[in-house]
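Values below: all heavy atoms of this structure, side chains included; hydrogens, waters and symmetry mates excluded.
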Amino acid sequence: MSLAQVHHISAAPGDEEAAGRFTAVGPGMSAALLAELEPLIGYALPDGASHRPADAELRSLPQAFTYAVLSDGSRVVGRTAPARGDGTAPVRFHTHAVHLPPGVPLPGDRLPVEAWRSPHWVSATPVGGGALSDPLGLLPPGPAPVREGLDDFAVSRGPWLAAVLADLRRASEEEAPAGGPVVLVERQSADVARWLGLAAATLPRESVERLTFTTYTRRPGSSALRVVGAPPEDAAAAREAGLRVHVCADRPPVDGTADAWARTAARVWRSRAPELFEEARGLPGDPFAAGPLAVIALCSGVALGPEERAAAAGWAAERPYALDAKRTGQLVEALTSPGIDDRTGSEFDAVGRLFGALDGRCPASVTAPLAAMLVTEAVRGGNGSLELPRRDAFVGPEGEAIAGVLGPEILTELESGAGGGRPVARTVQLLRVARLLGVNGTEVLPEVVARLARTILTEADGSEGTPAFAPALLELLDEQFDVRTALLGALDRIAPEDPGAVARFLERVALPFTGTQTLPHLRMCAGAPGAMTTLGRDRSAVWHRVLRAAGLSPFAEPLVLRTAVGLVWEDRAPTVEEARLLLEAATSDAHRAAGTWARLVDAALGAPADTEDGTALARDLLRAFPQEIGGRERAALQLLELCRDLRSGAPEPGWTEQVRTLRDRAAPLEPAIQERAFTALTERLLAPDRPGAELYAFVRSDDADLIAAYDRAARTEPTRTRLRTHPAYAADCFTNWTAHPHAGTAWTTTAAALLDEVLRPAVRGMTAEAVAEVEETVGRTGSSGRANAFRDWNRSRALGRLGRRIAGRVRRG
């Protein structure tokens with residue numbers, strides 16, 4: 001069919017009164033469409049251009065090659081070029097355009113940009129109805145006219161290629177991206193057309209057809225097209241308008257693009273291999289995914305970066321049947337090339353997935369280089385996330401060769417003294433690779449596993465949730481029986497030292513220790529959380545449950561005592577009742593071997609002051625562990641035992657001084673023990689039958705803390721009641737509290753206060769007969785002078801009260 005053509009003459013520069021006009025319009029072009037078209041083909045001279053250019057200047061002015069979609073779905077392809085005018089208007093801008101109705105393709109199913117170099121665009125309106133040229137229908141056959149010189153152009157624009165192609169791809173999406181057109185700044189409008197030619201060869205056809213454009217405009221911010229060309233003087237304004245601007249006529253850009261497909265396409269162009277785009281479109285997958293294009297590029301010898309290689313390997317791993325044997329071999333060869341030195345972890349991970357997809361589907365000769373590359377990276381690169389090949393991937397000469405190279409390196413690192421700081425994942429990786437390659441590490445295994453066991457607990461305690469190394473560790477234990485046996489044994493030996501850490505680890509990582517190994521400590525650690533959940537706060541019951549989980553008696557294996565105690569009480573001391581249970585559950589020899597006797601001592605020393613069983617526990621511990629308990633702890637326990645004797649009424653003589661001596665030896669003494677000891681001592685000193693020598697030693701000690709405790713005991717209600725109800729006891733206290741006037745300051749002050757504040761109120765509340773009995777008892781047990789002293793002491797208080805009454809009456813009178 002014949003397509004309608006349109007010719008338009010724009011206003012001359014400087015002629016503001018003149019307007020542009022359509023000089024020829026083909027059939028089917030309505031006035032509305034012409035009004036819509038006119039703004040798209042407007043032309044403005046570049047800065048500095050002469051209004052009266054010479055012929056050479058006229059030919060050098062930019063041409064605007066435009067492709068636009070109109071509101072009714074029809075399309076327009078046209079060219080606007082400066083042309084010589086008449087005398088009053090030396091320059092006119094002539095537009096020659098072709099209108100394509102909706103749904104009508106270009107002749108020969110060509111792309112719009114292919115008409116850029118058509119020789120049939122004219123710069124003047126045909127006169128007298130002469131035959132119209134056909135710029136679209138008379139295009140030369142084949143893609144050569146539009147692609148001519150694109151390789152050289154692409155190489156010259158290498159620094160900008162990836163970023164521009166990424167933006168052109170986004171501009172060609174079905175929904176036009178917001179933010180206005182992509183602006184390509186070039187000194188020559190023809191170079192903008194070459195960029196569009198690159199896009200036409202690179203993008204899928206449906207994307208190219210959506211890419212509306214013009215190669216030249218002075219108003220990029222107001223353009224409704226998707227891609228526009230602009231001169232350098234308009235770049236700043238376009239940036240200020242928020243447009244995506246690529247100044248390809250200036251310094252190369254510093255920042256690259258994150259679009260892996262665009263980076264791959266740029267490398268293909270720089271390698272002068274645009275035919276690869278068509279090949280890549282023949283592969284399955286997203287047309288703008290980097291994988292298909294990267295695979296074709298690598299198979300054709302195009303060098304790519306690590307992200308693009310990773311994309312190729314990942315795509316091939318997901319579609320192992322998409323490539324034939326030849327391309328699969330080429331891809332493997334490209335990925336494993338020894339000349340590559342910039343591989344990344346993500347690339348190795350993708351290669352690992354590719355190996356897994358090809359292993360068993362391709363001959364070993366194809367996959368062996370991938371396997372060798374993976375294990376080499378695992379050993380030398382320290383990549384702990386790699387998915388390692390199967391062991392049979394290294395059968396044959398390829399396996400022997402790589403084992404000969406990597407085997408010594410693996411053993412050297414495993415034997416190194418720095419292994420204590422080696423991460424778990426690294427040790428696991430080395431052990432797994434050693435097995436894959438058949439490296440004999442029997443001699444180093446015990447030491448390696450011992451260090452590994454401790455590192456496992458350290459790393460697990462420092463992480464949240466399941467440790468990252470857990471999956472690889474479980475695979476190792478599943479693969480290697482000797483490592484599993486050694487590691488479980490090492491953890492079982494560590495468990496008595498830190499059972500809490502082992503139990504927390506086993507809660508998060510289910511180790512396989514259900515075999516024939518005894519492993520009593522691991523079994524206890526594994527059972528402790530469930531026992532605590534079931535039995536709650538009954539720690540004694542939990543202890544019995546955990547101890548049963550060991551499957552061994554503490555008499556046969558005393559260390560199970562330590563593990564059980566550590567699991568149930570962790571860093572806390574048992575109560576006195578719990579400690580007595582532990583002491584009775586096993587012999588002293590078992591506790592001695594397990595080291596749990598120290599926990600029992602802690603229980604006794606930490607008991608509250610009002611716990612009566614603490615003194616009995618102290619006595620039992622001193623008899624059960626006479627050689628083990630020493631120093632401060634021994635003195636504190638002896639002080640508790642002395643408390644028991646003071647309460648029972650049969651202490652050895654000299655117990656006042658004994659309390660002071662043991663207190664000093666046990667420093668710093670637990671407050672509860674000191675309170676218990678002082679209370680027992682002072683209660684004994686306040687008893688009616690206390691030996692006088694002990695009281696004398698107490699008074700003469702001038703021990704401020706002991707005397708303060710005596711003062712507190714004398715002021716308690718039981719003592720006050722006894723003073724009020726037992727005259728003999730009151731007489732005894734008066735005698736004692738007045739018998740040492742020349743003792744130290746602490747005693748004299750305390751005794752005076754007790755006489756005035758404790759004894760006097762008690763005597764005042766007695767009957768006259770009781771007071772007389774007190775006086776008589778003081779005289780009988782002391783002397784007549786002492787009886788007189790009591791009488792004076794008691795009278796002085798009464799006279800003081802009487803004198804105050806008389807003085808008050810006198811004042812009132």
Side-chain angles (χ1 to χ4, degrees), residues 532 535-544 561 564-585 588 591 595-625 628-651 655-656 658-687 703-719:
M532 292 177 182
L535 301 174
R537 297 186 178 184
D538 189 349
R539 292 189 292 194
S540 299
V542 173
W543 183 77
H544 280 295
L561 279 174
V565 169
L567 287 170
V568 177
W569 284 278
E570 295 187 15
D571 56 351
R572 302 185 300 274
T575 64
V576 170
E577 294 76 10
E578 291 167 346
R580 294 188 68 82
L581 170 68
L582 293 174
L583 187 60
E584 294 167 2
S588 59
H591 282 291
T596 47
W597 60 269
R599 290 295 192 98
L600 307 181
V601 171
D602 291 341
L605 299 183
D610 57 354
T611 303
E612 293 300 326
D613 286 345
T615 57
L617 177 61
R619 181 195 61 187
D620 294 343
L621 292 175
L622 288 170
R623 283 156 180 72
F625 309 106
E628 287 72 27
I629 303 174
R632 188 195 80 80
E633 288 79 9
R634 184 174 188 83
L637 292 177
Q638 288 175 332
L639 192 56
L640 283 174
E641 187 177 28
L642 179 58
C643 292
R644 179 184 177 88
D645 293 339
L646 287 170
R647 290 278 171 81
S648 66
W655 33 268
T656 298
Q658 209 175 348
V659 167
R660 297 181 64 231
T661 301
L662 291 174
R663 177 198 62 184
D664 294 341
R665 288 179 184 173
L669 184 62
E670 288 78 0
I673 297 179
Q674 178 167 303
E675 180 185 349
R676 176 185 287 274
F678 284 9
T679 301
L681 173 64
T682 54
E683 287 178 353
R684 190 75 179 86
L685 290 172
L686 285 166
D703 190 313
D705 291 336
L706 274 178
I707 291 173
Y710 183 92
D711 181 70
R712 290 192 297 273
R715 294 173 185 272
T716 59
E717 189 56 36
T719 302

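Every residue two or more places apart in sequence or in another chain that forms a side-chain contact (heavy atoms from CB on, under 4.5 Å) with A713 is listed here: T682, L686. R537 is linked by a salt bridge (charged side-chain N to carboxylate O under 4.0 Å, His left out) to nothing, counting only residues two or more places apart in sequence or in another chain. Residues forming a side-chain contact (heavy atoms from CB on, under 4.5 Å) with A609 (at least two apart in sequence, or on another chain): A672, E675.
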- request: Check step by step if side chain to side chain contact (heavy atoms under 4.5 Å, CB included) holds for L621 and W597.
  value: CA-CA 8 Å; L621 292 175; W597 60 269; 6.0 Å; no
message: Set out, in order, the CA-CA distance, both residues' side-chain angles and the distance that settles side chain to side chain contact (heavy atoms under 4.5 Å, CB included) for E633 and E628, then state yes or no.
response: CA-CA 10 Å; E633 288 79 9; E628 287 72 27; over 6 Å; no
message: Under the criterion side chain to side chain contact (heavy atoms under 4.5 Å, CB included), I'd like the reasoning laid out for L662 against W655: C-alpha separation, chi angles, the key distance, then a yes or no.
response: CA-CA 10 Å; L662 291 174; W655 33 268; over 6 Å; no
message: Determine whether L681 and Y710 satisfy the following criterion, side chain to side chain contact (heavy atoms under 4.5 Å, CB included), listing intermediate values before the conclusion.
response: CA-CA 8 Å; L681 173 64; Y710 183 92; over 6 Å; no
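Contact record, P608 with R676: O-NH2, 3.5 Å, taken as the closest heavy-atom pair. Closest approach of R644 and A616 over heavy atoms only: NH1-CB, 3.5 Å. Across A607 and V576, no two heavy atoms sit closer than the pair CB-CG2, 3.3 Å. Nearest heavy-atom pair, A636 versus A666, reported as atom, atom and distance to 0.1 Å: N-CB, 3.7 Å. Counting all heavy atoms, side chain and backbone alike, T719 lies closest to A714 at CG2-O, 3.4 Å. Across all their heavy atoms, L640 and G614 have their closest contact at CD1-O, 4.3 Å.
Expressed to the nearest 0.5 Å, how far CD1 of I673 lies from OG1 of T615 amounts to 11.0 Å. For the atom pair CG (L706) and OG1 (T656), the distance works out to 8.0 Å, reported to the nearest 0.5 Å. L642 contributes atom CG, which lies 11.0 Å from atom CZ of R684 (distance to the nearest 0.5 angstrom).
Among pairs with a residue in residues 662-671, those fulfilling side chain to side chain donor-acceptor pair (under 3.5 Å) read R632-E670, R663-D703, at least two apart in sequence or across chains. Listed by first and then second residue, the salt bridge (charged side-chain N to carboxylate O under 4.0 Å, His left out) pairs that reach into residues 572-585 are R539-E578, R580-D620, sequence neighbours excluded. Applying the salt bridge (charged side-chain N to carboxylate O under 4.0 Å, His left out) test to residues at least two apart or on different chains, the pairs with a partner in residues 707-718 are D711-R715, R715-E757, E717-R724.
In this structure, H591 contributes its side chain and L582 its backbone to a donor-acceptor pair below 3.5 Å.
When side chains are defined from C-beta on, L646 does not count as touching Q658, because their heavy atoms never get closer than 4.5 Å.
Exactly one residue among D538, L561, L567, L535 makes a side-chain contact (heavy atoms from CB on, under 4.5 Å) with W543. That residue is L561.
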